[in-house]
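Heads up, the thing below is written out as structure tokens.
Both backbone and side-chain heavy atoms feed into the values below; hydrogens, waters and symmetry mates do not.
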Number of protein chains: 2
Amino acid sequence: MSTDADRLQELFRALGDATRRTILDLLAQHGPMTVTRLADHFPHLVRSGISKHLMELRRLQLVHDNKRGRERYYRINAETISQLLRPWVAKYEKYWDDRLHNLKQAAEEQANTKKEDRP
Amino acid sequence: MSTDADRLQELFRALGDATRRTILDLLAQHGPMTVTRLADHFPHLVRSGISKHLMELRRLQLVHDNKRGRERYYRINAETISQLLRPWVAKYEKYWDDRLHNLKQAAEEQANTKKEDRP
DNA sequence: AAAATATGTTACTATACAGTAATATATAAG
DNA sequence: CTTATATATTACTGTATAGTAACATATTTT
């Protein structure tokens, strides 16, 4: 089945854009955000461009969204990154065992800065 | 220092191309290979194109090379992937602890298929 | 109802770049 | 020495796409 390979290809291509990665970073840091609030962090870009990026991220299931009135809140979907990208990285991992402990600690530190689902 | 962010950007961009990722896969599976042998796996592409990809991968230190007579053997440099991409993935990891064991086992299975440095 | 706010959609443009083709260089073979 | 092999380099072209601008839709406010 080539579906997983295709998704991985699209995932890498999508993450190759700095704006999209920054959007994911912002969603991870601040929790769910609207397009307008996200666009505030990109003064050199236009809102509709950010909206287009979110459409792409939504299509690849890198973000989820829930509409609340006339606002639409986007939240990160780390599940997709985990399931596709982590196995790919592990494939090339040589010194996995050596650094497993340090890695685990780093992940736990990050988990402490996690946010809730709705603002 | 923005150097790390820049390198990450270039890394993601480089990995966004399917041909380059396949080259890394081939080097991981078969061990060090020459341009010509790599190009054999891409019947629809021309050798000079593969050479250009290798130049890019070399620039980003995703591969190393050593010249042996008129042949030049490329080998994968997993170190770069580990140091840059793995922390990025870990940043978005939610269920790290839950799956740590399975992940470790997968990495060990991959390690069994490892090759030596020179053919 | 009308104005304002929040977001989505789409045609267009400019740019980056993957792939090609032609040329160059260096080593090995005959 | 001459020919063949292995690789690198570079100008060129076609294509994908990031960003923009203008317009459309839906919901809230006054």
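Nucleotide D:dA8 holds its C1' atom 17 Å from the CZ atom of B:Arg59, rounded to whole Å. Between B:Met55 atom CE and C:dT20 atom P there is a gap of 17 Å when expressed in whole angstrom units. Rounded to whole Å, atom C1' of D:dA8 lies 8 Å from atom CZ of B:Arg72. When rounded to the nearest whole Å, the span between CD of A:Glu71 and C1' of C:dG8 equals 15 Å. Atom pair B:Glu10:CD and C:dA16:P shows a separation of 14 Å (rounding to whole Å applied).
Between D:dA6, D:dT9, C:dT9, one nucleotide has an atom nearer to the side chain of A:Ser51 than all others, and that is C:dT9.
Listed pair A:Thr34 / C:dA6 fails the phosphate criterion, with no side-chain N or O lying under 4.0 Å from OP1 or OP2. Within the 4.0 Å cut-off from OP1 or OP2 of D:dA8, at least one side-chain nitrogen or oxygen of B:Tyr74 is found.
The salt bridge (Lys or Arg N to Asp or Glu O under 4.0 Å) test applied to A:Arg20 returns no partner, not counting sequence neighbours.
In summary, B:Glu71 and B:Arg37 do not engage in a salt bridge, as defined by a charged side-chain N under 4.0 Å from a carboxylate O. Electrostatic pairing of B:Lys91 and A:Asp25 counts as a salt bridge here, judged by a charged N lying under 4.0 Å from a carboxylate O. A salt bridge does not link B:Asp65 with B:Arg75: every distance from a Lys NZ or Arg NE/NH1/NH2 to an Asp or Glu carboxylate oxygen is 4.0 Å or more.
Remark: the backbone N or O of A:Gln61 is paired with a side-chain donor or acceptor of A:Thr80 at under 3.5 angstrom.
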I need a per-nucleotide contact map over nucleotides 15-22 of chain D, read 5' to 3'. Cutoff is protein heavy atoms under 4.0 Å; write B for the base, S for backbone only, - otherwise.
--SBBBB-
For a quick check, with a 4.0 angstrom heavy-atom cut-off, what is the B/S/- contact string for nucleotides 25-30 of chain D, read 5' to 3'?
-SBB--
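Once rounded to the nearest 0.5 Å, the distance linking CG of A:Asp40 with CG of A:Leu45 reads 12.0 Å.
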